[in-house]
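Since the structure is predicted, the reported quantities are computational estimates derived from the model, not experimental observations. All chains are named by letter (A, B, ...) in the order of the sequence lines, taking the proteins before the strands, and each is independently numbered beginning at 1.
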Number of protein chains: 2
Amino acid sequence: MSVASQSVGRRERNKRAKLDRIVAAASELFAEHGVDEVTTQQIADKADIGTGTLFLYAKTKGELLLLVQNAKYAEALEQGRADAETVPGVLDAVLAIVRPIVECNRTQIDNGRTYLREMVFGDPEEPRHSAALAIVAQTEEAIAAALRRDERVTEGDAATLAHIVSAVMFLSMATSVNIALSVEEVVQDIRRQVDVLLPR
Amino acid sequence: MSVASQSVGRRERNKRAKLDRIVAAASELFAEHGVDEVTTQQIADKADIGTGTLFLYAKTKGELLLLVQNAKYAEALEQGRADAETVPGVLDAVLAIVRPIVECNRTQIDNGRTYLREMVFGDPEEPRHSAALAIVAQTEEAIAAALRRDERVTEGDAATLAHIVSAVMFLSMATSVNIALSVEEVVQDIRRQVDVLLPR
DNA sequence: CATCATAACTGATTGCAGTCAGAATCTTTT
DNA sequence: AAAAGATTCTGACTGCAATCAGTTATGATG
């Protein structure tokens, strides 16, 4: 292999290019039509690959959604982490982390809810699923950090409380009861609950 | 119509009989093989009805599971409500309500998790879905009642706290991370969280 | 009882996610 | 540079949930 041309073989480069096309195709189609209205066939066609090839890159359609959304959620988390720094109160800091995630999740409500569904009920063996759970873990870590500002919250309780906040977030975003709620209303719903949770 | 024979027409009786056969068939097959391993065709065959007929009684396979499981969950709740009466401490009373539900849910873990999935992500228009949510509401009411024994818990907070406990329960039972956990371990996981939740 | 109207039933069919046996492409070896 | 070996690709195919146009059973009416 020529050192001048490329350090990785054609195979690797082809795979990479295909994955990029798949992500781009799925991303666009999901965003425009919603995950339920898009067929895997359409994605394969748009990415210019065979039907079967798609499933070499994502074992299920759900995995494909995780693949597309994980990056966006990670970004929302980063935003929230930054926002939380600039906010004084504990409750407000927690909500500063929560808000961008809710916003991201509700950009397209069907996709957002399906993403949450895959997260909890998807195949834990799959790498994109683990990646999603890793983001959740990071989110809880960020929330725990915010909670520790309150000196009444002990070291150990912070992690548990953060996990509870995470559960509350999940259900407020996921439940069909809240389908009609706006981003702000979902955030308020979460705020109301976190408020009761915090030491008084 | 002869008053002596029956107060409801043959139609109603036939429908009732069919629904009974469907529930019996689905119940047995789900319990034995798990919801994912059973086809709607098998259920229709066992209930001795046409393929299409099944979907007149339950719009989706998920609805069929709700139909079968709702009754069992209502029973578990009743059990827990009774148990909670006989237990002194607040935390223990809450867990007395939680335990039978977890037991019921884990009788067949795949079915239990799928049931939870349908509950949160299923079609809210469907009657069996509403029925499931009604049981959840009753569960939260029972938990709220237990929480109110603690005089530090205000009237309004009780309902919110109960809702949070419900969210914690849901995720502990549903998440793939906890798949390998026994009933007792799931209950302990919930206990640990509720403990942090209660006023200290 | 015969006729009509309506509700309930049915299985052949559809649409889609996901599979798999063989073809194509890339890499290594001689 | 040819052959052998390994990996990746592909679209025809499978299996299943769900549908729907046509059929049958029930109840109402004269």
Derivation and outcome, salt bridge (charged side-chain N to carboxylate O under 4.0 Å, His left out), residues A/D20 and A/R16: CA-CA 6 Å; A/D20 288 350; A/R16 182 60 208 252; 3.3 Å; yes

Quickly work out the [X] [atom1] to [N] [atom2] distance and round it to whole Å.
{"X": "A/L64", "N": "C/dC16", "atom1": "CG", "atom2": "C1'", "answer": "15 Å"}
{"X": "A/L19", "N": "D/dT8", "atom1": "CG", "atom2": "P", "answer": "13 Å"}
{"X": "A/H33", "N": "C/dC16", "atom1": "NE2", "atom2": "P", "answer": "13 Å"}
{"X": "A/F55", "N": "D/dA12", "atom1": "CZ", "atom2": "P", "answer": "16 Å"}
{"X": "B/Q41", "N": "D/dG15", "atom1": "CD", "atom2": "P", "answer": "13 Å"}
{"X": "A/D36", "N": "D/dA18", "atom1": "CG", "atom2": "P", "answer": "13 Å"}
{"X": "B/E118", "N": "D/dA17", "atom1": "CD", "atom2": "P", "answer": "13 Å"}
{"X": "A/R13", "N": "D/dT8", "atom1": "CZ", "atom2": "C1'", "answer": "15 Å"}

Ring pair (Phe, Tyr, Trp, His ring centres under 6.0 Å) pairs, two or more places apart, involving residues 157-184 of chain B: none

B/L161 CG to A/Q193 CD distance, which is reported to the nearest 0.5 Å: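 It is 9.5 Å, given to the nearest 0.5 Å.
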
Approximate separation, where rounding is to 0.5 Å, of A/R21 CZ and A/I43 CD1: 14.0 Å

Pairs flagged by side chain to side chain donor-acceptor pair (under 3.5 Å) wherever residues 62-71 of chain A is involved - sequence neighbours left out: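 Passing the test, one end in residues 62-71 of chain A: A/N70-A/Y115.
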
Any side-chain donor near an acceptor of the partner, B/Q138 and B/R81, under 3.5 Å: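 Result is yes, a qualifying pair exists.
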
Under 4.0 Å protein heavy-atom contacts per nucleotide of nucleotides 4-10 of chain C, with B for base, S for backbone only and - for none: --BBSBB

